[in-house]
Each structure stands twice: as structure tokens, then as C-alpha cells.
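Read the structure below first, then the notes.
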There are 2 protein chains.
Amino acid sequence: MKIRDIARLSGVSVATVSRVLNHPQMVREETKRKVLEVIERLGYEPNVVARSLRTRKTGNLGMVISVESGSIFESPYFGLLMKGLTTIAEKHGYHLIFSTCHLSDVSAYKSLFKKSLVDGFVVVDVLDFDPRIALLKKEEIPFVIVGRPMSNVEYIYADSDNEGGTYRATRYLIEKGHKRLALINGPKRMSVSRHRFEGFKKAHKDFRRSIEPSLVFEGKFTEEDGYRLTKMALEKNVDAILYSGDVMAFGGIKALRNAGLEPGRDISIIGFDDVPASKLLELSSVRQPVENIGKKAAELLIKMIEGERVHSKVFPTELIIRKSVRGGENESPQKELDNDFARR
Amino acid sequence: MKIRDIARLSGVSVATVSRVLNHPQMVREETKRKVLEVIERLGYEPNVVARSLRTRKTGNLGMVISVESGSIFESPYFGLLMKGLTTIAEKHGYHLIFSTCHLSDVSAYKSLFKKSLVDGFVVVDVLDFDPRIALLKKEEIPFVIVGRPMSNVEYIYADSDNEGGTYRATRYLIEKGHKRLALINGPKRMSVSRHRFEGFKKAHKDFRRSIEPSLVFEGKFTEEDGYRLTKMALEKNVDAILYSGDVMAFGGIKALRNAGLEPGRDISIIGFDDVPASKLLELSSVRQPVENIGKKAAELLIKMIEGERVHSKVFPTELIIRKSVRGGENESPQKELDNDFARR
DNA sequence: CTGAAAGCGCTTACAG
DNA sequence: CTGAAAGCGCTTACAG
């Protein structure tokens, strides 16, 4: 079943069938009706490969995940981002295509593009001065970053307000009377870690407090590192810990309970991401609208591919206070749950 | 940069360049060396779109997610499945392509295949007598199912032993002296729910117990439904609850605590999936090797596409007992955590 | 408004 | 072992 069959059966040329599909306004009403009737009847669908070869557009958005940061697959963050991306891609007739690479192996991007597999990329898990950004820019490959790395080149991004979110969380802890705040942050090279550190710093500055460098820790966004670094933080006599991810905070909760400390009673903690399990664990957290960020990223990338001018966007975060903070609102989780259900 | 450029620069025909790439054994050593040198030097990569058009193979594996079961995006199950699929696809030079559909909207599959976007499908979230299976079979589209639905046609699948997993969990609860067991199961139409129910039934039968139908509940795999159905179960005076998913169990824990019941002390519960948060919540669970199932599914599909004969596979599950069961092993979670870390 | 024809970048059957 | 040529299924500039 190909365009020639449709042409033959509707008594027109293949050019006309193609126009009915791609530029219907160029075709006389009656011809169009005739052709569409045949297309409908035979359930014809144009071969996108042939179309791609002609138009030099693939209709695919690429996403490359480093296998080393493999844990991103397991985080709810990933699923929600995917959901947002797919929803919008679909709406515009695009598809999401997946690949993995090693570390910031720049060649995977170039290769996918040169092979004509994708029209552009959504870049995640980004480092400051990420070599991928330089490459994509140099090769003039369309891309949108989820995040805001330092860079020598201009780029388009969709990001949440990591600095603001951490600022508010830090400020909240200070206002509730905490004296020795630790920050258990993500890998230093990642731009998201820098932003969160900036927020932490700014809040301290606004309250004329100085940051004790030994209270700022760095690790992977894993339960393991949350556990390990919390143990280290406890040796420094902290009374509050800010985690750069709920998963890290989960590991932290274990370390705390191990040490006989109950979050919200003996020590205060706040996470980041507000993953579903946090509600159950009564963990306070900074919520970011991941699905919407994914939607925005897809929208920006598609517009960029289609030659429109686009503008980056930052999404606000929301501080969710639960029992894990001493002197916090102490909303009971079941109440929150019931409210949640009532709202739906 | 195209094959013609390589041909010109190496002083051979495009046919020869193509052979170097696709059938190197057909080319004389010296010619091959010459051509490869040029390819290397210019960083040439063949256009896969043109190749696809010629070979009628796309190199893409399709996965269609129903937007209604949108929550699959948020579950760790999804990420791990993706990870397994991508790993193997990559290894064989394939890519994963994504799409969404409404309910079991069969046409999305047909369309993606007819448009020549994918060579075959991984089908998830499958119902008994799923119309998608009938369609894919009828259209002779290669596909592998993650799950084992009832069906009038033969198919290839990769699945975990859901029946066995539930059987062991049920049996464990019975052996620990529980009398009134509730099963909070997933949607009845889904094949996975049927398998889990069968395991529940079989364990009762082996202990010459009868199942009280009013103790078997059905709902979505969500925290909300876990919460709601647990409330209903409590009215029936149960002393143990088996959940068909940890996320449901999380909702259940809330409902139990709401009623002043602590899992492992006043009532026993076991979940399914063993998601990361379960360890922290001391929730017992049936673990399935999702990433390996994904790997197997990709492997089967690729072999099938390439014309090999393949065999379905069932993966064993593992019962993980934590504090949530009365009389269970009562492993302390921090011990488990430390062991975990030690192993890495 | 419509058609004939060229061409997108490959692969492979055929001939030598 | 290698080359010339046909053809995969489309789209679009050109001509009418």
C-alpha cells in the first residue's frame, strides 16, 4: 500500500495525493474529497521513512541517558519527565527516541544526528561547562537543556527554580530557630548542585550567618550517599539537614534512626523533589513541577526545530512542610492524604 | 557527507563503500582498508533513513503507553523496564521509540508499523484477551509481551512468576498463623491480577482453606486505591493483607495507621515489586527482576525481527520479609541497609 | 489546480 | 572482487 496505489485508485497523480496530505489548500475540493475517500477506505498511512529521506526531517526527539547515572531510570523524576515530553511530542506528531551513552560521551549525540535519527535533543543531567553543550552548539544541532549549566555559549532551557527552592527551605529552617544547618548536596560538577548551593548560601547571607564549609557535603543522588553523608554530618553536631533529593533524604532517615534520632523531634530535615513516598515518610520537601518542565522542554525543542524563536523558562518550586521539621506545621499525613483524595 | 563522497575520495564505487559497511567479507582487504581510512578520517556515518527505505527495516523497537494508565510513568517499574530494554536494544544497534495511546487503542500500533516507524513492539500493561494481541498477530507485526494474558493466539512473552510469588507470600502468612487474609489486587481485567489471584487461591487450597470472596478487592495500582480498599478490608476484620503492588501498600499503611494499627504488630502486610522505598518503610514485598525482564523482552523481540526462533521466559520472584509481618524474621532495616552497602 | 520528473542516500541483484 | 544501474516511497520545483 503506497502513494501510487492511492493515486491510481483515485485517478490522480502521486503528486496530487501527496499534496492532499501535505498542502490540502493547494488542491481542488472535489479532487481532495475523492482522494481522501480512497485513503480512508484503504487505511493508507504514508511511509515516514520515505518522507524523511525527502524532507530531511525525522520527526524524532532524542534523549540520551548516561549509563553511569543509571539511577535516573529508577527515579520518579525520569518517569515524569518522560511523560511530559511524550505528551507534547505526540501532540505535534513527534516521537521520543532513546539512547544511552557513557558519561558525557559527546559522540553519541553527534552520531544520532548525523545518522539522521533525530531532529534535536533534550539534554538532561547536565554539568557546568558540559562538553555536550559546546558540541551541539558547534554542530548546530537543535537542543533544549533541562537545567541551567554555566556555559560559554547561549542555549535554551527549561528548569525549575532550584536556587529559590533551596533558599526558601533554608530560610524556613533558620526561621524555625535552627542553628547548625548541613547541606547534603548532589555532585559538585552538576549545575543543579551549584544552584542549590547558591540558594543555601543566599539564605545564610540574608540572615547574616556564615556557612561552615565542613557542613556542606557532596555525593551522588542515592540512598547510599544520603546514608553515608548523614553519618558524617551527625559528627558535626548539626540540628538540621537539607538534602538535595528525597532519595538521599531516605538514606539520611535511616542513618538518623540508627543514631536514635527521630526527624521532626530530635533533628529537622527537608528533601528535594517531593517524590510520592515522601508524603508517607512525613518528609518535608521542595516540590518541582517535573512533568510541566518536560512539556515545556518538548515544546521549546519542537518550535526550535521548526524554526520558531523560543524563550527559556524557569518554573517555581513549592516548599512542602511535613513532620520532619521541628516546629513545622505538623500537618498529619493522613489529613494531607484525605485532602488529596477529596481534591481529585 | 554521503556515501558518494566516501566513494569518490577512496577511488571506488558507492557499491563498494556500502559493501565495506554491510558485507566486509565481500571486499578485498586492501580496498577495505582504503575505504575505512577515508570513512574514519571524515567521520562518515551512513544515513539510517536512506538505509531503512532500502532495507525496509527501521532499527526501532516500539513501546506504546496508554495515557489512562499514566501512572506507569511514575512507577519505578517503568524506569527499570526501560533501562533493561534500552541496554539490550543499544547493544544490537536498535533504538527505543515511544508513543502514547488511549486505552487499548489498537490503531496506534498498526499506525506506527505501517508508517514504518518501528520493526516491532514490546507490549506492556496487558489485559486478558487484549485486542492488541489479536491485531498484532493478524497483521503479522512482531511483538513480545511483558506479561502472560489469556489469548486465542500464540505469542512470545517475558514475565515474572506472579502466581508463584503470590503463592509464597500467601503461604508465608498462613504459616505464620494468620487466619483472615485479604488480597488487595489490581484491576481484574489485567492478566497480572489474574495470576496473582491464582497464587492466592492455590495457597489457600494447599492449606485446605477456602477463600472468602468478600476479602478479595480490586482496584488500580495507586496509593489512593490502596488506602480506600484497606479501609474496606478493615471492616471485615482481617489479620493480614496482601497487596498487588507496593504503591498500593503505601496507601494501605496510611489507612492502617489511621485506624491505630501498626503493620507487623497489629496486622501483617506484604506488598509486591519491592520498590526502593519499601525497605525504608519496612514493608515486606515480593521482588521481581524487572530490569532483566526488560532485557529479555528486548532480546526476544530483536531475534524475532531478525527471523530467529525464540522461546518465552518466566522469571522467578523473591519474597523479602521485613517488619511488616507479625512473627516474620524481623530483620532490622539498618542491618539490611548496611549489608546492602557492604555488598556494593 | 494538476502532472511528469528529478532526487533524497542508501543497498543489492546482475553482469563482468 | 567490483561497478553501473535500478529502486525503496515519498515531496516539490517546474511547467503547463
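So that the names make sense, note that chain A is the first sequence line, chain B the second, and so on, each numbered from 1.
Contacts between residues 1-12 of chain A and DNA chain C, defined by a heavy-atom separation below 4.0 Å, involve A:Val12, listed by number. Residues from residues 41-49 of chain A placing a heavy atom under 4.0 Å of any atom in DNA chain D, listed by number, are A:Tyr44, A:Pro46, A:Asn47. At a non-hydrogen distance threshold of 4.0 Å, A:Asn22, A:His23 from residues 20-34 of chain A come into contact with DNA chain D.
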Let me check something: any side-chain donor-acceptor pairs from residues 304-311 of chain B under 3.5 Å, sequence neighbours excluded? List them with distances.
{"residue": "B:Glu306", "atom": "OE2", "partner": "B:Tyr94", "partner atom": "OH", "Å": "2.9"}

Expected list for residues 291-298 of chain A: side-chain donor-acceptor pairs under 3.5 angstrom, two or more places apart:
none

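Looking at A:Asp128 and A:Arg189, no side-chain N of the basic residue comes within less than 4.0 Å of a carboxylate O on the acidic one, giving no salt bridge.
Checking B:Arg56 against A:Thr55, the closest nucleotide of DNA chain D that is more toward the 5' end is the one next to B:Arg56.
Between the side chain of A:Thr86 and the backbone N or O of A:Met82 there is at least one donor-acceptor pair closer than 3.5 Å. A donor-acceptor pair is defined here as one N or O able to donate and one able to accept, closer than 3.5 Å; such a pair exists between the side chain of B:Thr58 and the backbone of B:Asp119. Without hydrogens or angle criteria, A:His195 side chain to A:Asn162 main chain gives no donor-acceptor distance under 3.5 Å. One N or O on the side chain of B:Ser193 and one on the backbone of B:Pro187 form a donor-acceptor pair closer than 3.5 Å. With hydrogens and angles disregarded, no donor-acceptor distance shorter than 3.5 Å links the side chain of A:Asp130 to the backbone of A:Val126.
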Intra- and inter-strand pairs of DNA chain D in dot-bracket (Watson-Crick or G-U wobble, both distances under 3.5 Å; | for another strand): |||.||||||||.|||
Between the protein and nucleotides 13-16 of chain D, which nitrogen or oxygen pairs are less than 3.5 angstrom apart?
{"residue": "D:dA13", "atom": "N6", "partner": "A:Arg19", "partner atom": "NH2", "Å": "3.0"}

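Base contact: A:Ser18 has a heavy atom under 4.0 Å from a base atom.
Annotation: ring-ring contact (aromatic ring centres under 6.0 Å, His included) contacts involving residues 24-48 of chain B, sequence neighbours excluded, are absent. Screening residues 138-160 of chain B for salt bridge (charged side-chain N to carboxylate O under 4.0 Å, His left out) gives B:Lys110-B:Glu139, B:Arg148-B:Asp159 as the qualifying pairs, with residues at least two apart or on separate chains. Within the structure, the salt bridge (charged side-chain N to carboxylate O under 4.0 Å, His left out) test picks out the following pairs touching residues 41-64 of chain A (sequence neighbours left out): A:Glu37-A:Arg41. Every pair passing salt bridge (charged side-chain N to carboxylate O under 4.0 Å, His left out) that includes a residue from residues 8-18 of chain A is listed here, sequence neighbours excluded: A:Asp5-A:Arg8.
The cationic group of B:Lys115 does not satisfy the cation-pi geometry with B:Phe113, failing either the under 6.0 Å distance to the six-membered ring centre or the 45° limit from the ring axis.
In terms of the ring-ring contact (aromatic ring centres under 6.0 Å, His included) criterion, residue partners of B:Tyr157 (sequence neighbours excluded) are, by chain and number, B:Tyr155.
Comparing the C1' positions of D:dG16 and D:dT12 gives a spacing of 16 Å, expressed to the nearest Å. Atom P of C:dC1 sits at a distance of 24 Å from the matching atom of C:dA5, rounded to the whole Å.
At D:dA4, none of the side-chain N or O atoms of B:Ser13 fall inside 4.0 Å of OP1 or OP2 (strictly under the cut-off).
The CG-C1' distance, from A:Leu53 to D:dC8, rounds to 9 Å in whole Å. Between the CZ atom of B:Arg54 and the P atom of D:dC10 there is a distance of 16 Å, rounded to whole Å.
Relative orientation of the B:Phe78 and B:Phe98 rings is perpendicular, given thresholds of 30° and 60° on the angle between their planes.
Closest of all the heavy-atom pairs between B:Leu21 and B:Pro46 is CD2-CG, 4.2 Å.
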